[in-house]
Protein chains: 2
Amino acid sequence: MMISSRGRYVLRVLADLAQHSGGEYIPMKDIAERQEISLKYIEKIMPVLTKSGMVDGLHGKGGGYRLNRPPEEYKIGEILRLTEGSLAPVHCLETGASPCGRADRCSTLSMWRRFDKLANEFFDSVSLADLLPPPPHDPET
Amino acid sequence: MMISSRGRYVLRVLADLAQHSGGEYIPMKDIAERQEISLKYIEKIMPVLTKSGMVDGLHGKGGGYRLNRPPEEYKIGEILRLTEGSLAPVHCLETGASPCGRADRCSTLSMWRRFDKLANEFFDSVSLADLLPPPPHDPET
DNA sequence: TGCTTATCCGATGAGTATAATCGGGTAAGG
DNA sequence: CCTTACCCGATTATACTCATCGGATAAGCA
């Protein structure tokens with residue numbers, strides 16, 4: 001399994017936020033219940049999202065979390081790179097990784113590079129909006 | 001990092017086998033030295049490859065390992081699915097995984113399915129032969 | 001029959017990361 | 001000042017990866 005629970009949970013939380021938010025703040029308690037995720041666990045992960053500016057968190061009564069962009073502008077790749085650290089298939093392709101001394105004679109490196117590009121492009125082509133259920137059909141038809 | 005050392009090592013070992021073998025058996029000691037991989041560690045992984053019929057192992061003097069197909073017929077996807085167990089991005093897409101009770105209302109499942117397909121198709125489109133260095137150029141030109 | 005080579009097998013251990021819990025601290029509203 | 005809800009740190013259980021060690025087994029060769 002390539003993607004950790006942290007990354008999977010965050011995607012579902014953000015999708016839930018996108019779906020149920022009309023600008024107001026949504027408490028994590030509600031989302032944790034809907035998504036059947038441990039409140040304490042997800043509470044611990046949320047600060048990563050606020051610090052990166054993806055969501056706003058508000059304390060106290062009437063508080064909770066809120067997206068601060070329209071769902072179309074959240075690329076899944078951006079979210080996963082943040083929570084997973086990297087989407088690279090191998091260590092030597094992670095950003096800031098110590099360069100491998102065998103890179104010049106590694107038989108597999110160029111394949112990993114191509115896959116890395118493919119994976120990043122795929123996840124950057126999907127947005128939060130794409131994860132939402134289709135809007136109810138126009139009753140006219 | 002998505003791919004474990006086990007998978008990465010096996011690919012390099014098989015590529016080395018493909019490159020240096022002309023039908024005879026190659027001892028792991030040679031390959032471990034060339035690839036700078038711990039002999040003891042790779043020794044432990046090789047039985048997976050013999051049991052699956054990918055390579056032949058022969059004991060004793062003059063022994064070692066040998067591919068039993070031409071390199072073109074080894075798809076990287078086949079090798080990685082064997083050593084990694086699965087290429088699935090999430091647990092619920094692994095073969096034989098216990099079905100997730102939330103599948104019908106999971107907002108991310110269809111995206112994971114599409115990525116799973118993409119990754120498997122990519123690695124099935126690359127063969128061991130593609131990892132070998134280009135053959136020496138025809139001296140005529 | 002032994003000697004050498006090389007695959008094979010099991011037990012073990014160090015190290016790391018994930019997933020999760022607990023208890024409390026801090027900000028905001030009514 | 002009470003409730004709500006985000007925030008923070010410490011701790012733990014678990015699992016897996018990577019690797020080492022010692023030896024068993026098989027095969028060729030003198």
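Please read all numbers here as calculations on a predicted model, not as lab measurements. Below, chain A is the first sequence line, B the second, and so on; all start at residue 1. Reckoned from all heavy atoms, side chains included, excluding hydrogens, waters and symmetry mates.
The closest side-chain heavy-atom distance from A/Leu49 to A/Leu14 is below 4.5 Å. Side-chain contact between A/Asp16 and A/Arg12 is absent, with no heavy-atom pair separated by less than 4.5 Å.
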Let me have the donor-acceptor pairs involving side chains of residues 106-116 of chain B, under 3.5 Å, with sequence neighbours excluded, atom names and distances please.
unit_1   : atom_1 : unit_2   : atom_2 : d
B/Thr108 : OG1    : B/Trp112 : NE1    : 3.3
B/Asp116 : OD1    : B/Asn120 : ND2    : 3.1

Listed pairs under 3.5 Å, donor-acceptor, residues 70-79 of chain A side chains, sequence neighbours left out:
unit_1  : atom_1 : unit_2  : atom_2 : d
A/Tyr74 : OH     : A/Met54 : O      : 2.5
A/Tyr74 : OH     : A/Asn68 : N      : 3.1
A/Tyr74 : OH     : A/Asn68 : OD1    : 3.3
A/Tyr74 : OH     : A/Arg69 : N      : 3.3
A/Glu78 : OE1    : A/Arg69 : NH1    : 3.4
A/Glu78 : OE2    : A/Arg69 : NH2    : 2.9

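For A/Ile45 and C/dT21, the CD1 to P distance is 12 Å, given to the nearest whole Å. With rounding to whole Å, A/Glu94 atom CD is found 13 Å from C/dA17 atom C1'. For A/Tyr65 and C/dA28, the OH to P distance is 14 Å, given to the nearest whole Å. Rounded to whole Å, the distance from NE2 on A/His91 to P on C/dT16 is 12 Å. Rounded to a whole Å, the OH atom of B/Tyr9 is 11 Å from the C1' atom of D/dT17. A straight line from CG of B/Leu49 to C1' of C/dT7 spans 13 Å, rounded to a whole angstrom. The nearest whole Å value for the distance from the CG atom in B/Leu17 to the P atom in C/dT7 is 10 Å. Taking atom OH on B/Tyr41 and atom C1' on C/dG13, their separation rounds to 14 Å, with Å as the unit.
Partners of A/Gln19 under the side-chain contact (heavy atoms from CB on, under 4.5 Å) rule, at least two apart in sequence or in another chain, are A/Leu132, A/Pro133. Partners of A/Ser125 under the side-chain contact (heavy atoms from CB on, under 4.5 Å) rule, at least two apart in sequence or in another chain, do not exist in this structure. For B/Asp130, the salt bridge (charged side-chain N to carboxylate O under 4.0 Å, His left out) criterion is met by no residue, not counting sequence neighbours. Under the side-chain contact (heavy atoms from CB on, under 4.5 Å) criterion, A/Lys29 pairs with A/Glu33, not counting sequence neighbours.
Using a 4.5 Å cut-off between side-chain heavy atoms of Ile, Leu, Val, Met, Phe, Trp and Tyr, A/Leu58 falls into a hydrophobic cluster with A/Tyr25.
Residues from residues 27-39 of chain B lying near DNA chain C, meaning a heavy-atom separation below 4.0 Å, are B/Pro27, B/Met28 in numerical order.
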Under 3.5 Å, N/O pairs linking protein and nucleotides 8-16 of chain D:
unit_1 : atom_1 : unit_2  : atom_2 : d
D/dA10 : N6     : A/Lys44 : NZ     : 3.0

Below 3.5 Å is the cut-off: list the nitrogen or oxygen pairs between protein and nucleotides 26-30 of chain D, distance only.
unit_1 : atom_1 : unit_2  : atom_2 : d
D/dA26 : O4'    : B/His59 : ND1    : 3.4

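Heavy atoms of A/Tyr25 sit nowhere under 4.0 angstrom from any nucleic acid atom.
The list of ring-ring contact (aromatic ring centres under 6.0 Å, His included) pairs with a residue in residues 41-73 of chain A, not counting sequence neighbours, reads A/Tyr9-A/Tyr41. Applying the salt bridge (Lys or Arg N to Asp or Glu O under 4.0 Å) test to every pair with at least one member in residues 50-61 of chain A, sequence neighbours left out, gives these pairs: A/Asp56-A/Arg66.
The phosphate of C/dA19 has OP1 or OP2 within less than 4.0 Å of a side-chain N or O from A/Ser5.
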